[in-house]
Number of protein chains: 4
Amino acid sequence: MEPAERREQILIHAARLFAERGYHSTSVADIIAAAGIARGTFYLYFESKRAIFEELLDRLMTRLASCIRRVDVSDGAPPPGEQLLCTMARVFDVFAADRTMLAILLSGAVGLDKGFDDKLAEFYGRVALVVERSLELGEELGIVRPCNRRVVARAAIGALKEVLATMLEDGDASCAELARGILDLFSRGVLVEGASIA
Amino acid sequence: MEPAERREQILIHAARLFAERGYHSTSVADIIAAAGIARGTFYLYFESKRAIFEELLDRLMTRLASCIRRVDVSDGAPPPGEQLLCTMARVFDVFAADRTMLAILLSGAVGLDKGFDDKLAEFYGRVALVVERSLELGEELGIVRPCNRRVVARAAIGALKEVLATMLEDGDASCAELARGILDLFSRGVLVEGASIA
Amino acid sequence: MEPAERREQILIHAARLFAERGYHSTSVADIIAAAGIARGTFYLYFESKRAIFEELLDRLMTRLASCIRRVDVSDGAPPPGEQLLCTMARVFDVFAADRTMLAILLSGAVGLDKGFDDKLAEFYGRVALVVERSLELGEELGIVRPCNRRVVARAAIGALKEVLATMLEDGDASCAELARGILDLFSRGVLVEGASIA
Amino acid sequence: MEPAERREQILIHAARLFAERGYHSTSVADIIAAAGIARGTFYLYFESKRAIFEELLDRLMTRLASCIRRVDVSDGAPPPGEQLLCTMARVFDVFAADRTMLAILLSGAVGLDKGFDDKLAEFYGRVALVVERSLELGEELGIVRPCNRRVVARAAIGALKEVLATMLEDGDASCAELARGILDLFSRGVLVEGASIA
DNA sequence: AATGAATGAGGCTTCATTCAT
DNA sequence: AATGAATGAAGCCTCATTCAT
C-alpha cells in the first residue's frame, strides 16, 4: 500500500475510535487492530498517539476555519442573513459529513493536556473574534443594535456547539432547519414584538 | 481529624486537581499528596478514584438543579425576566463560588465512561425540558413567539455553558452583566427593530 | 465481657471464616466484623493474623493427638480392631464436632509459610510413627504380615484424610460406617480370598 | 526468543516458584525476576497471575488423566494387578519427572478461589469414579469382594496422594517399590491370613 | 516498509498493623 | 479494655513506546 494511503487509513480508523470512545479509552492497540497493521508500523507514520490526535484536531480546525467568513457587506453581496445561513450550513456539513469529528472537537480533547486545551481555546477565540467583528460591522451599518458583542459571540458559539452535539444525532431535524432556528433566535429573540418580560 | 472533615478536605483537594488537570491527568498519588494523607487513607473515605469524581459530579448537579426553576406566571409573581435573571444569577453563583467545579462539569467528565457521559447527558436533558416547558408557557401567554423550542432550549444551555466557561475567568465582566447580556440576546435578538438581514 | 471469653469468641469466628474461605481470603477486617469488635481490639488479644491461625492449628493438633494411641496388646485389653475403630471414631468425632477445623487442617495451612508446612509435616510424621509402631507390634504378635510399614502408615493417614475431606460432608454415610470401611480395607484388602490379580 | 519457547520458559519458572512457595507467596515480581523478563512481557503471554497457575494446573490434570485407565479384563489383556501397577507407575512418573507439580496439585490450589477448588474436586471425583467402576467390574468377575466402593476409591486416592507427597522426596524408596507396597496393601490388607483383630 | 516481541514506568487498590484517644 | 483513623509497603496490571529482525 502507498505510504500516503496507509497514513490516511490509519487516521480514519483512529478518528472513528477517538470519536466513539474518547482519547483516553482508545489505545494504540485498538487503533492498530482496527487499521490492521502492526504495532511498529503505527510509529512509522505517527510519532505518538498524541500526535495522531493532534493531527486530527488540526485538520478539523482547518476545515472549520475555512467555513467561517466575516459577513460581506459590499454592494452586490448576498444579504447577510443568507451569508450567515451559508456559513452555518457549511459548518454543519463538515460535521454531518464526518460525525466522527464532532465528538472529538466538542469534548474529547479536554483534559488531555494544557497544550491541547490552549489550542482549542485559541481556535474558538479566533472564531469569536470573527463573530464580534461581524457584529460590529452590522452595528456600523445600523442593522445590529448595540450589545455586549463579546457575550453574544460566545453565546453564539456555545449555542451552535450544543445544538450540534445534541441534535445532529437525532435524525428528526434537518441541518437547514437547525441553522434557520438558531439564526432566527439570534436575530429576533424569542419575544413577541412589543412584549416585555421585565 | 473528624471523619466528615477529613472527607471534605479530600474532596476539596480532589476537586481542585480534577479541575486543573482533568480526570485522567490527576492520579490518586496527586490527590493524597495535595491532601497530605497516606495512600490507604484515601481508600478509607472513597471506594476509588472514580467514586470521588462521581461524588463531585453528583454534588454539582444537585446544586445546579436546585437553582433552576420553571418560570412562575401566577399573579403576584415577579416578572418572568426577573425570574430568569435570578435563575441565571444563581447558576453563575454556584460556579463563581467554586470555579473548580466549572471545568469539571463543562468538560472533565467526557470520555471517562459511557456511564458518566450518560449521566451528564441526562442532566442536561432534564434542564432542557424545563426550558422548553417555560417557553411553551410563554407562548400560551402570548409573550413568546412560536419557535422551535427544542432548538432554542439547547441553544440557551449551550450559550450559558460557553459564556460561563470562557468569560467567568476574566474578571472584566460581572455575573450580573453576563446574565443580562444573555437574557437580552435571547429576548430580542441582535437586530435593530425593523431591520432585516435576509 | 471477660477477656478469656472475648478471646474465645474471636477464635471461634476466625476459625469459621478460615474454614469457609481459607487463610488468605480471610482478612482481619472479616474477622473483626464477624466478632463484632474494633480493629484495635483484635490486636489486644492476638499478635497477628498469623498468630490466631497458628493457635487454631495448635489446638486442633493437640486434640487430634489425644485421640491417637498405640494399640494396647496387654491381656485384658479390648481386641485391636476395636481399639482401632475407637481411635478412628474419636478422630472422626473431633472433625464432626467441628467441621470448621477439617478444612483448615486438610488444606488451608499449605502455602502459608515454610514454618507452617513444617509444623504440619512434623505432626503427620509423629502420627505416622505411632502407626508404624503399632504395625510392628502386630507383626511381632503374628497378627500383621510383613509389609513396608512406612508406606502403609502413610497410606493409612492419606486414606483417612481423603475420606474425611470428601465424605464427611455428604450425610449419606455415618462416621461408624466410614471407619468400618477403612478398617476393613486395611485389614483384608479388597480381593476375594484366594483370588489373584497378578 | 520464539514465543512458544518464551511461554514455556515462563511457565517453568512459575511452576517452580509456585511449588516452592505456594501460590500466594509467589508474586509476579518473583516470576519475572526468575524468568529474567520484564513486567510487561509476562502479561504478553499470560492474562494474569491466576491464569498461569490455572494453566499449570490444567496441564497437570490432563497429564494425570491420561495415565489413569479402567482395568481391561478382556481376553489377552495383562493381569489386572500388572495393569494397576502400570497405572501407578505412570502416575508416579509424572510427578517424579516434575516434582514441581506435585506440591501444586496436592496442596497449592486450595484456598485460592471457589473455582479452583471446585475444579480440583471435580478432577478427583472423576478419578474416584474410574476406580469405583473398576472395583465393580472386579466384583462381577468374582475377584473383588463386596465392599463400600466409594470409601475404597477415596481411600485409594488419599493413600496415593499422601505417599506421593511424603515419600517421593526421600530418595530411599523407588517408585516401583512404593507402587507395589500400595497395591499389596489394597489387595490383601495387612493381616495375616486367618488372623482376626476383632 | 513492516513486524511484533520486549520494555518498564506508572497507575490503582488492598490490607496487616500501629497508635493516639 | 476498647476504639477506629491512619499508615505505607506491596501487589497486580496497563499501555505507550522502542528496536532488532
Side-chain angles (χ1 to χ4, degrees), chain A residues 1-3 5-7 24-33 35-53, chain B residues 1-7 10 24-32 35-52, chain C residues 1-3 5-7 24-33 35-53, chain D residues 1-7 10 24-32 35-52:
Chain A
M1 187 181 287
E2 288 242 322
E5 196 182 343
R6 161 126 316 174
R7 205 183 138 81
H24 291 288
S25 303
T26 300
S27 66
V28 173
D30 292 333
I31 297 173
I32 63 172
I37 58 171
R39 246 183 151 62
T41 308
F42 177 88
Y43 287 91
L44 289 180
Y45 291 93
F46 300 95
E47 238 186 21
S48 64
K49 176 183 158 187
R50 188 198 156 105
I52 197 173
F53 187 78
Chain B
M1 188 181 285
E2 287 236 326
E5 197 183 341
R6 163 117 323 165
R7 204 182 140 82
I10 300 175
H24 292 287
S25 303
T26 302
S27 67
V28 172
D30 293 333
I31 298 173
I32 64 173
I37 57 173
R39 211 152 259 282
T41 308
F42 177 87
Y43 288 93
L44 226 50
Y45 292 92
F46 300 96
E47 251 192 7
S48 63
K49 176 181 154 185
R50 188 200 156 103
I52 196 174
Chain C
M1 189 181 287
E2 288 243 321
E5 198 184 342
R6 163 128 313 173
R7 203 183 140 82
H24 290 288
S25 302
T26 300
S27 67
V28 173
D30 293 333
I31 298 174
I32 63 173
I37 58 171
R39 248 185 152 62
T41 310
F42 178 88
Y43 288 90
L44 289 180
Y45 291 93
F46 300 95
E47 237 186 22
S48 66
K49 177 183 159 187
R50 188 199 155 106
I52 196 174
F53 187 77
Chain D
M1 189 181 285
E2 287 235 327
E5 196 184 342
R6 164 117 319 169
R7 204 182 140 82
I10 300 175
H24 291 288
S25 303
T26 301
S27 69
V28 173
D30 294 332
I31 297 174
I32 63 173
I37 57 172
R39 207 155 264 279
T41 308
F42 177 87
Y43 290 94
L44 226 50
Y45 292 93
F46 300 96
E47 249 191 8
S48 63
K49 175 182 154 187
R50 188 199 157 104
I52 196 173

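By convention in this document, chain letters (A, B, ...) are assigned in the order of the sequence lines, proteins followed by strands, and residues within each chain are numbered from 1. All heavy atoms count here, side chains included; hydrogens, waters and symmetry mates do not.
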List the steps and the verdict of side chain to side chain contact (heavy atoms under 4.5 Å, CB included) for B/L44 and B/R6. CA-CA 10 Å; B/L44 226 50; B/R6 163 117 323 165; over 6 Å; no
Would you classify C/F46 as touching base, sugar-phosphate or nothing, given that sugar-phosphate means primed atoms plus P, OP1 and OP2, and contacts are heavy atoms under 4.0 Å? nothing
If you check every side-chain atom of D/P3, which of F/dA5, E/dA5, E/dA1 has the closest atom? E/dA5
Test side chain to side chain contact (heavy atoms under 4.5 Å, CB included) on C/V28 and C/Y43; report intermediate values, then the result. CA-CA 10 Å; C/V28 173; C/Y43 288 90; 3.8 Å; yes
Rounded distance (Å) that lies between atom P of E/dG4 and atom CG of A/L44: 13 Å
Please report the distance, rounded to the nearest Å, between CD1 in B/I32 and P in F/dA6. 14 Å
For C/E5, the side-chain contact (heavy atoms from CB on, under 4.5 Å) test, sequence neighbours excluded, returns C/M1, C/E2
Nearest non-hydrogen partners of B/T26 and B/K49, listed with the distance: O-NZ, 2.8 Å
Runs of at least three Watson-Crick or G-U pairs with DNA chain F, cut-off 3.5 Å: E:2-21 with F:2-21
Does C/T41 form a side chain to side chain contact (heavy atoms under 4.5 Å, CB included) with C/I32? I'd like the steps, not just the answer. CA-CA 8 Å; C/T41 310; C/I32 63 173; over 6 Å; no
Take nucleotides 11-21 of chain E nucleotide by nucleotide from the 5' end and write B, S or -, depending on whether a protein heavy atom sits under 4.0 Å from the base, only from the sugar-phosphate, or from neither. -BBBBBBB---
Between D/I37 and A/G36, which residue's closest nucleotide on DNA chain E lies nearer the 5′ terminus? A/G36
Among residues at least two apart in sequence or on other chains, which ones pass side-chain hydrogen bond (donor to acceptor under 3.5 Å, both in side chains) with C/S48? none
Those residues at least two apart in sequence (or on a different chain) that pass ring-ring contact (aromatic ring centres under 6.0 Å, His included) with A/F46 are A/F42
State which residues pass side-chain hydrogen bond (donor to acceptor under 3.5 Å, both in side chains) with B/R39; sequence neighbours excluded, sorted by chain then number. none
